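Not measured: the values here are computed from a predicted model.
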Amino acid sequence: MGGTFDPIHYGHLVTAEEALVQFNLDKVVFMPTGMPVRKTHRMVTSAEHRYLMTVIATASNPDFEVSRLEIDRPGLTYTVDSIKALRDLHGSQVELYFITGADAVWDILTWKESASLAGACTFIAATRPGFDLGRFAEERERGILIETMEVPALAISSTDIRSRFSERRPVRYLLPESVAAYIEKNRLYADGAES
Ligand code: NAP
């Protein structure tokens, strides 16, 4: 599961659990993005903080793991490179799924190197109800495997949570309390600052 996770929240965790069950997966590996290619215009919280928040949020679930693959790779993070790396790591027999938000799947598949993704893995595009999932028809026609999943909990968003921290509005029930405590301790989104 790819994501900037700035910060990770219950929408991401519910999506992962739902995918695990719906697609009968062995495990979900959360892979925080190193340097998000689409976010060079805004400050993104340091990769190490985002990685640690992801570890804290997933620690109690035996089916969840966290990978440093993308945060340890220098330069901008392209999903194409990660899928190749995962394939090299796990071999040709393992069935790989790449789970992320539907808008991000769209970005990945309209990227210039995306032709090499045909057959490389199955994408699981998660979205809140109401998103037009029919927009992937053309990508499917060119051999990209895409499953879609509506997750009502994705009404929760990282952007909203960052604003809530900086404006001192409530965040309880939007993300794990342990992650909220980590954010407070490190003053990650205080005063609108996204360090
Ligand atoms: P984003 O564009 O910030 O997110 C788009 C939407 O998807 C937001 O509503 C976001 O909600 C949601 N989302 C993000 N990750 C999710 C997840 N794991 N589960 C459910 N919803 C999720 O996306 P991003 O976080 O920067 O990127 C997501 C993944 O796509 C990362 O692995 C990234 O590296 C990859 N990506 C790759 C390329 C490329 O290779 N060219 C381009 C774009 C993205 P929240 O903001 O609440 O998370």
Expected output: side-chain Ser157 to main-chain Asp160 donor-acceptor under 3.5 Å: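 Yes; judged by distance alone, with no hydrogens or angles, the pair exists.
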Main-chain N/O of Met35 paired to Thr77 side chain as donor or acceptor, under 3.5 Å: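 Side chain of Thr77 to backbone of Met35, a donor-acceptor pair under 3.5 Å: yes, one is there.
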For the CD1 atom of Ile8 and the CE atom of Met1, what is their distance to the nearest 0.5 Å?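 So the CD1 of Ile8 and the CE of Met1 are separated by 7.5 Å.
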Do Arg164 and Leu174 have side chains that approach each other closer than 4.5 Å (heavy atoms only, starting at C-beta)?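 They are in side-chain contact.
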With the side chain counted from C-beta on, respond yes when Ser163 and Tyr189 share a heavy-atom pair under 4.5 Å apart, and no when they do not.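 SC-SC contact between Ser163 and Tyr189 ruled out.
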Kindly write out the residues that satisfy side-chain hydrogen bond (donor to acceptor under 3.5 Å, both in side chains) with Tyr51, not counting sequence neighbours, or none if the list is empty.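 Tyr51 satisfies side-chain hydrogen bond (donor to acceptor under 3.5 Å, both in side chains) with no residue once adjacent residues are dropped.
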Could you pull out all donor-acceptor pairs under 3.5 Å where a side-chain atom in residues 119-129 meets a protein atom, sequence neighbours excluded?
residue: Arg128; atom: NE; partner: Leu154; partner atom: O; Å: 3.2
residue: Arg128; atom: NH2; partner: Leu154; partner atom: O; Å: 2.8

Considering non-hydrogen atoms only, spot the tightest contact between Arg50 and Asp6 and give its length.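 In terms of heavy atoms, the two residues are closest at CD-CB, 3.7 Å.
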Taking atom [atom1] of [X] as the centre, does the number of heavy atoms from other residues, nucleotides or ligands within less than 6.0 Å exceed 12?
X: Glu167; atom1: CD; value: yes
X: Arg169; atom1: CZ; value: yes
X: Arg140; atom1: CZ; value: yes

Ignoring hydrogens and angles, write down the donor-acceptor pairs under 3.5 Å from the side chains of residues 22-31, residues two or more places apart or on other chains.
residue: Gln22; atom: NE2; partner: Glu18; partner atom: OE2; Å: 3.2
residue: Lys27; atom: NZ; partner: Glu65; partner atom: OE1; Å: 3.3
residue: Lys27; atom: NZ; partner: Glu65; partner atom: OE2; Å: 3.3

